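Ligands are counted one by one from 1 in listed order, and the atoms in each one are counted from 1 as well. These numbers were taken from a predicted model, which means no experiment stands behind them.
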Amino acid sequence: MEDVLAGLQAFMNPSLARTYRFMGLDHAELTAHGAIVVDREGVEYIDCAGGYGVFVQGYRHPRILAAAHHQLDEMPLSSRVLVNPRTIELAARLAELTPGDLQYSFFCNSGTEAVEAALKIARGSTGRSRIISTVGAFHGKTFGALSVSGRDLYQKPFQPLLSDIVRVPYGNLEALQSVMSSDVAAVIVEPIQGEGGVIVPPDGYLQGVRALCDEYGSCMIADEVQTGIGRTGHLFAVDYEGVVPDLLCLAKALGGGVMPIGAVVGRPWAWKLFEENPLIHTSTFGGNPLACRVALEALAVTVEEDLPGRAQRLGQWLISELRSLSQRHADLIVEVRGRGLMIGVEFSNAGVAAMIMAELFARHVLAVYTLNNERVIRLVPPLVIDRPALEEVLVKLEQALEVVESVKVDLL
Ligand code: PMP
């Protein structure tokens, strides 16, 4: 639909409009259900981009929609003067579901805000300033979160960013050990790097980060904005290694594909900052009853429909299918990796990945590359997707690969 791209060009972001046009993304979405997005012409697309991890429970899950309608009628936003029971119910449920003694919640409205809050809580509660982050990390684009992200491209125009940030290679405990000291307030890690290109760390990495943080009295921040709420085959990706972080950041799928919400869940010691001043960090819309009621239902659906188990089963099968596909197209696919339904397919270069993306779109499959690594296309479909739909994606991916192979002389 040329008119939406003309609108994007005229009123929002001309350069982005050109990119959309170049990629052939010229259709306007109208509605969606389950793992299907429908455009204004009624064409259905299988969604493997999943709102970059938002749609764990699928689009417009009936139970989550009903919860939203109920709360809209009761009280969508809080007076902020009185406490709303929905906010407390969600905090209590998160304390129950998150590992170990994670207990207190701070609510906000997005992933980057959850990271901002975690960084402030870590500095405030430890009285230290240094934050260790990792190469290739993505934690958001507000100033604090951007400061701990791992790609210069997004940081350069905004220097100087937060000071006393040190970046080490991801998945490398020796490198982390070499920068640890009693000056370190926090180590922030994604259990699997999402935007970095779906990078799965070596087994034992999270336990090693935990042990180093214990040794130096530093705060371990697990950024589960993308991995959290079932995506990787566990409710939280830290569960894979049985690790309890000091601060756990959530957003995306916590909102059940219906409402924006972010959260930081912390262990009691990490909440010291709020003891000294309960209003030291706040958000007007954070913890609003509409988002909290929806998040409660999203968690109930995730647990009762065993979406983590579904991610594990479908993911295992899909990764092995993709690996055999990659053997047939070894010239184009470098690696297939992931856990659960958080899967990355790394192509030989960014041009190939872009062309595959466009060819998939032409075959009505939505898939996008990762922000910090354009060679990698991520497959993060809603966990409610079924096997026939994924089989269709595999067929279309193979067709896309064949098209690219026929013209690859120009690309390589
Ligand atoms: N942390 C991680 C691990 C993410 O993947 C993202 C978004 N892709 C963010 C933080 C930022 O979330 P938001 O876009 O909601 O600010």
Compile the protein residues with any heavy atom at a distance under 4.0 Å from an atom of ligand 1; present them by chain, then by number.
-> S110, G111, T112, F138, H139, G140, E190, E195, D223, V225, Q226, K252
Under-4.0 Å salt bridge between D386 and R310 | no
Salt bridge (charged side-chain N to carboxylate O under 4.0 Å, His left out) partners of R63, counting only residues at least two apart | E297, E304
With side-chain hydrogen bond (donor to acceptor under 3.5 Å, both in side chains) as the test, would you mind laying out the steps for E305 and Q57 before giving the verdict?
-> CA-CA 9 Å; E305 294 187 8; Q57 306 85 356; over 6 Å; no
Kindly say whether the aromatic ring centers of Y45 and H364 come within a distance under 6.0 Å.
-> yes
Among pairs that include at least one residue of residues 108-117, which meet side chain to side chain donor-acceptor pair (under 3.5 Å), considering only residues two or more places apart or in two chains?
-> N109-E113, N109-S283, S110-E113, T112-T142, E116-T142
With sequence neighbours excluded, give me every ring pair (Phe, Tyr, Trp, His ring centres under 6.0 Å) pair touching residues 172-205.
-> Y170-Y205
